[in-house]
Each structure stands twice: as C-alpha cells, then as structure tokens.
*Asks:* 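Sharing a structure, written as structure tokens. Questions coming.
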Amino acid sequence: TIPDRVYLDHAATSPLRPEAKAGQEEGFRLWANPSSPHAEGRRARAALEDARERIKRALGWSGELIFTSGASEALWIALNRAKVTQRIVSAVEHDAVFRAAPDATVFTGDEPIDSGTLLAVQHVNSETGTINPFSDMAARLADTGALLLSDCAQSAGKLALPDADMLVISAHKFGGPIGIGALLVRDFNLLEPVGGHERGYRQGTENLPGALGMAAALEAGAWATTPDHRAAFAARVAGQRLTIGEQVDYIFALTHPSMSAQALLIRLDAMGFAVSAGSACSSGTLKKSRVLDAFGVPDETAARTIRVSVG
C-alpha cells in the first residue's frame with residue numbers, strides 16, 4: 001500500500017497557505033480594475049496599495065515595489081529595463097535569467113565593472129541550497145557604482161534580504177498564490193519605463209487577488225517545520241548531501257550511491273514522496289543540470305542527484 005503522500009518539493013511550489021487563500025478571496029470580492037477612476041476602481045486601488053505596503057513592511061524593504069506575474073517577469077524587467085550598458089550574470093543563475101538576457105556575459109571575475117554594469121547574483125540556489133556570498137560581493141563592488149540584482153525567489157520570507165539595488169520575489173515559493181511576484185527596486189530611476197500600469201514600469205492589469213494573497217502569506221510567516229526538525233533531517237542525509245559553500249537548511253541536493261535521479265524519482269513517487277531533480281522548470285528533461293555543471297559537480301554524480309526541499 002502507498003502511505004500518505006509526503007511533499008518535499010517546496011522549492012518548486014509551496015502549498016497555498018489558508019491565510020493567502022483568504023486574502024485572494026478578499027481580492028475576488030473587490031473585482032474592479034485598480035486603474036479605473038470610479039468608486040469601485042478606487043476601492044480596488046486602495047486595497048492594492050495597502051498590499052504593496054504590507055509586503056514591503058514584511059520584507060523590511062524601504063524602496064519601491066512593482067507587482068509582476070512572478071519571478072520570471074520580474075527578472076525580465078530588471079535585466080531588460082535597467083539603465084545600464086552591460087549585464088553580467090553568475091553561471092549558476094536560474095534558467096529564467098538566461099532566457100531574459102540571452103546575450104548577458106557570464107561572470108568569470110575578469111570583466112570590467114563600472115557604473116554602467118548590472119550584475120545578477122541569486123541569493124539562494126534553487127538546486128543546491130547554496131547561499132551566495134552576496135554581502136562580500138556587494139562590499140567589493142561598492143566603489144564601482146555597478147547595480148546589483150538578486151533573485152530571492154528561494155529566500156524571500158525565509159531569510160533576511162540581501163543588500164541589493166533590485167530584488168526578485170515569487171509568492172508561490174512561500175505559500176502565496178501562483179501567478180504573482182514582485183520586483184523590488186531601490187529607485188524607479190534605475191529603470192526605463194515602458195508605459196502601462198505599475199507607475200508605467202509594467203504592462204497589464206494588476207492582479208489584486210494575487211497581491212492580497214502574497215501579502216497575507218508573508219505576514220503568516222510561520223514555518224511548518226522548526227529549525228530543530230530541519231537540523232535533524234540534515235544530519236540524517238549528511239552522507240548523501242552535495243555540500244557547496246554555506247547552505248540553507250531547507251533545500252538539499254542528495255546523491256544516491258548507484259541509482260539514477262530519474263529512476264529514484266519514480267521509485268520515491270511510488271512510495272509516496274514528492275521530490276524533484278533540480279529546477280522544476282527544467283526537471284522534465286534528461287540533460288545534465290547546467291547549475292550542477294557550473295558548480296563543478298562531476299557528470300556521473302549529477303546524474304544520481306535529486307533535490308529535496310522542505311517547508
């Protein structure tokens with residue numbers, strides 16, 4: 001018999017928190033377009049602006065916030081609308097970064113960096129749980145005038161945000177709704193406007209139910225696991241874990257001694273465990289993980305590595 005399902009793929013999507021569902025339902029009752037000038041629209045606008053401030057307060061962010069359809073769109077806006085002349089990205093960024101900026105330079109350490117540079121470095125890697133040394137990098141680049149962009153999809157709501165000019169968050173990674181995210185930007189002047197909504201920096205009608213659900217999810221805050229739970233789990237899998245730098249206690253890259261990742265996923269799924277083989281956006285393919293390759297993980301090891309992520 002198959003036991004009750006155990007969900008261990010929170011890095012892909014966390015279950016919707018009941019508080020977030022209630023927030024969405026409130027937004028559905030305020031069904032008018034927030035950009036409409038009539039009374040119904042003004043009520044919707046007031047609720048949207050309240051959600052914006054609640055999210056900023058929950059994250060400790062004092063800059064601006066642009067609502068988006070998720071992290072991928074937020075990354076596209078940051079990478080394509082920033083007032084810079086060159087874009088440099090780390091080799092271990094999420095695929096969404098490379099899709100948004102296919103001509104960006106991959107960071108090697110030899111690139112000239114100045115005030116016309118946007119450097120994208122994720123906060124927490126979605127496949128290995130590695131925390132990138134963002135503070136050290138920001139300190140080294142402080143005198144260059146370069147802009148720093150950090151993908152915080154795997155850290156927002158869990159860790160303190162890094163000190164960057166632009167940050168990207170995604171609601172469904174911390175129990176909010178799918179289809180809503182945000183670009184946090186220190187100052188609107190860092191971006192070229194495109195017209196439309198969100199002060200002219202994003203096109204498309206605002207997703208009020210999603211914004212209210214995201215605010216409620218961040219405010220709910222509490223984990224379903226404790227630090228002790230996660231430490232105990234980490235200790236049990238220490239012999240199988242790929243340890244790459246400093247790591248969070250909620251994303252684990254685990255390597256089986258002999259079984260391929262695909263075979264292991266099938267076996268675990270049949271046993272009632274939901275896990276993945278890396279980023280959910282690319283785990284349907286059989287090719288080697290670009291991220292593990294960039295981290296220097298041997299091909300044979302990468303082929304036997306899965307991702308387990310708790311919430």
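For the single chain, residues carry numbers from 1 onward in sequence order. All figures in this text were calculated on a predicted structure; none of them were measured in a lab.
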*Asks:* Does the structure place the NZ or CZ of Lys158 under 6.0 Å from the centre of the six-membered ring of Phe174, at an angle of no more than 45° from the ring's axis?
*Replies:*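 Relative to the ring axis of Phe174, which defines the angle, Lys158 lies outside at least one limit.
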*Asks:* Using the ring of Trp61 (Phe, Tyr or Trp, six-membered ring only), decide whether Arg186 places NZ or CZ under 6.0 Å from its centre and within 45 degrees of its axis.
*Replies:* no
*Asks:* Indicate the ring-plane relationship of Phe134 and His123, choosing parallel, tilted or perpendicular according to the 30° and 60° boundaries.
*Replies:*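 Perpendicular, since the angle between the ring planes exceeds 60°.
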*Asks:* Any ion pair linking Asp269 and Arg5 (charged N to carboxylate O, less than 4.0 Å)?
*Replies:*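 Yes, Arg5 and Asp269 are salt-bridged.
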*Asks:* Do Thr117 and Gln86 have side-chain N/O donor and acceptor atoms under 3.5 Å apart?
*Replies:* yes
*Asks:* If we count only N and O atoms by modelled type, under 3.5 Å, do the side chains of Asp114 and Thr144 hold a donor and an acceptor together?
*Replies:* no
*Asks:* Is there a donor-acceptor pair under 3.5 Å between the side chain of Ser150 and the backbone N or O of Cys152?
*Replies:*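 Not at all, since once roles are kept as given, no pair shorter than 3.5 Å links the two residues.
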*Asks:* Report whether Leu65 and Met166 are members of the same hydrophobic cluster (ILVMFWY, side-chain heavy atoms less than 4.5 Å apart, transitive linking).
*Replies:*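 Different clusters.
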*Asks:* Within the structure provided, determine whether Met214 and His172 are in side-chain contact (heavy-atom separation under 4.5 Å).
*Replies:* no
*Asks:* For this output row, return yes or no: ring centroids of Phe252 and Phe233 closer than 6.0 angstrom.
*Replies:* yes
*Asks:* Output side-chain donor-acceptor pairs under 3.5 Å for residues 19-33, partner residues at least two apart or in another chain, one line each.
*Replies:*
unit_1: Lys21; atom_1: NZ; unit_2: Glu25; atom_2: OE2; d: 2.7
unit_1: Asn33; atom_1: OD1; unit_2: Ser35; atom_2: N; d: 2.9

*Asks:* Which distance, rounded to the nearest 0.5 Å, do you find between the NE2 of His256 and the CD1 of Ile306?
*Replies:*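 Answer rounded to 0.5 Å: 9.0 Å.
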*Asks:* With no hydrogens and no angle check, just 3.5 Å: does a side-chain donor-acceptor pair link Thr305 and Thr255?
*Replies:*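 There is such a pair between these side chains.
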*Asks:* Can Arg304 and Ser260 be counted as having a side-chain donor-acceptor contact under 3.5 angstrom?
*Replies:* no
*Asks:* Using a side-chain heavy atom cutoff under 4.5 Å and only I, L, V, M, F, W and Y, what cluster partners does Ile244 have?
*Replies:* Val92, Leu242, Val291, Leu292, Phe295, Val297
*Asks:* So, Ser289 versus Glu127: side-chain donor-acceptor pair below 3.5 Å or not?
*Replies:* yes
